[in-house]
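Note sheet for the following structure.
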2 protein chains.
Amino acid sequence: MSKLAQEKEKFVRYLNKTGVTLTHGRQTVFDEAMKAHGHFAPEELVKQCQSHHRRVSRATVYRGLNELLEAGLIRKTAFGEKHQHFEHIYDEKPHHHARCIRCGIMIEFPDLKEDKVYTPLLEQQKFKILGHEMHFYGICKNCQSGK
Amino acid sequence: MSKLAQEKEKFVRYLNKTGVTLTHGRQTVFDEAMKAHGHFAPEELVKQCQSHHRRVSRATVYRGLNELLEAGLIRKTAFGEKHQHFEHIYDEKPHHHARCIRCGIMIEFPDLKEDKVYTPLLEQQKFKILGHEMHFYGICKNCQSGK
DNA sequence: TCATAGATGATACACTGTCTCATAATTGAC
DNA sequence: GTCAATTATGAGACAGTGTATCATCTATGA
């Protein structure tokens, strides 16, 4: 079974558990989110969904993204920007981000499993971890030399 | 010298370096940002600045916050929410956050210096690190039992 | 004192994520 | 298969955020 099919199954399992069905809208959001390369903003996904399929509303996309998030298929990468970003998890090497606060460029670097230090702390509080992100901010090489 | 005074000096040093002066507006934003307890959203700071001082515009506050950020006096904590959050650094124990994606509650936990693993990676790319945040997301205890 | 450069306030702006509600689709009971 | 009840959806309204603009004000140094 392909990784994508596995993800689909995971999604359906989640939907069943919460007592809702895999409708056309959810299917579309799932398809496009899994198809995306790298990060995407919700509004980008709205465009994608609307270009390839019959009309899907913004509301449905936003709702669907939350479901995918809770199902653990995508993660929210929060860069302190105006809008949210997501990325799917399957097929990606775990990585983190460093962002330049001047130009916004993003540098990716591999996940080194440093989060293991923290998981006991959170589990102790019965916090169910869906994901984590190590987020650095600073000034990139170019912006330093530019000024 | 108090910690606060040290921060002020750090700020002035930064301003000098970038060739600007400590004006009334910047002073106000500095004061209120340092006075804040825990996280604050920019708009909250706008209110603060406008209630305690003579009129300071939103623009000035937003501009000032960026300067404080670059000067390394505050950090941006990005929770993937609609708006940004900041917190000042002085006088705070380094800590990170876990956020519940359902109710938004925030759990703080101490910084365990796990970032040390990554700094060489970024320094190698000449990325000047201003700060970092370890960000977990998931479902909190209450939201798990609530459903 | 004056000219210049920088800082500010007011406001407009685009955009985001959420909410509402009427309509449509789906499901299960019969 | 039909119908009623429940759930999902689309369209649009909405408030709020962070940025940009630009005319006015302020500070600085010659």
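In what follows, every chain begins at residue 1, and chains take the letters A, B, ... in the order their sequences are listed.
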Looking only at side-chain atoms of [X], point me to the closest of [options].
| X | options | result |
| --- | --- | --- |
| B/E43 | D/dT9, D/dG18, C/dG9 | D/dG18 |
| B/A59 | D/dA20, D/dT9, D/dA11 | D/dA20 |
| B/R58 | D/dT17, D/dT9, C/dG9 | D/dT17 |

Next on the checklist: Would you say that A/M34 contacts A/L4 through its side chain, given a criterion of any heavy-atom pair below 4.5 Å between the two side chains?
Outcome noted: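 Yes. Closest side-chain heavy atoms under 4.5 Å.
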When the distance from [atom1] of [X] to [atom2] of [N] is rounded to whole Å, what number comes out?
| X | N | atom1 | atom2 | result |
| --- | --- | --- | --- | --- |
| A/K76 | C/dG17 | NZ | P | 9 Å |
| A/Q27 | C/dA25 | CD | P | 17 Å |
| A/L45 | C/dC15 | CG | C1' | 17 Å |
| A/H85 | C/dC15 | NE2 | C1' | 13 Å |
| B/K47 | D/dT17 | NZ | C1' | 12 Å |
| A/L22 | C/dT27 | CG | P | 10 Å |
| A/N16 | C/dT26 | CG | C1' | 15 Å |
| B/Y62 | D/dT21 | OH | C1' | 17 Å |

Atom pairs, protein N/O to nucleotides 2-8 of chain D N/O, distance under 3.5 Å:
unit_1: D/dA8; atom_1: OP1; unit_2: A/R26; atom_2: NH1; d: 3.2
unit_1: D/dA8; atom_1: OP1; unit_2: A/R26; atom_2: NH2; d: 3.0
unit_1: D/dA8; atom_1: O3'; unit_2: A/T23; atom_2: OG1; d: 3.2

Next on the checklist: Checking side-chain polar atoms at under 3.5 Å, does A/E70 have a donor or acceptor matched by the opposite partner on A/N66?
Outcome noted: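 No.
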Next on the checklist: Nearest 0.5 Å, please: how far is CZ in B/F109 from CZ in A/F127?
Outcome noted: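 One finds 8.5 Å between CZ of A/F127 and CZ of B/F109.
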Checklist entry - So, is B/T60 near the phosphate of C/dG9, with a side-chain N or O under 4.0 Å from OP1 or OP2? => result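 Looking at the OP1 and OP2 atoms of C/dG9, one of them is under 4.0 Å from a side-chain N or O of B/T60.
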Checklist entry - For A/E32 and A/K35, what are the C-alpha separation, side-chain angles and deciding distance, and is it a salt bridge (Lys or Arg N to Asp or Glu O under 4.0 Å)? => result CA-CA 5 Å; A/E32 293 305 321; A/K35 215 189 285 176; 3.1 Å; yes
Listed pairs under 3.5 Å, donor-acceptor, residues 57-65 of chain B side chains, sequence neighbours left out:
unit_1: B/S57; atom_1: OG; unit_2: B/T60; atom_2: N; d: 3.3
unit_1: B/S57; atom_1: OG; unit_2: B/T60; atom_2: OG1; d: 3.2
unit_1: B/R58; atom_1: NE; unit_2: B/E43; atom_2: OE2; d: 3.3
unit_1: B/R58; atom_1: NH2; unit_2: B/E43; atom_2: OE2; d: 2.7
unit_1: B/Y62; atom_1: OH; unit_2: B/E43; atom_2: OE2; d: 2.6

Checklist entry - How are the rings of B/F30 and B/F11 set to each other: parallel, tilted or perpendicular (split at 30° and 60°)? => result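 Rings of B/F30 and B/F11: parallel, as their planes differ by under 30°.
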Item to check | side chain to side chain donor-acceptor pair (under 3.5 Å) involving B/E67 - partner list, sequence neighbours excluded | outcome: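 Once residues adjacent in sequence are excluded, the partners of B/E67 under the side chain to side chain donor-acceptor pair (under 3.5 Å) criterion are B/R26.
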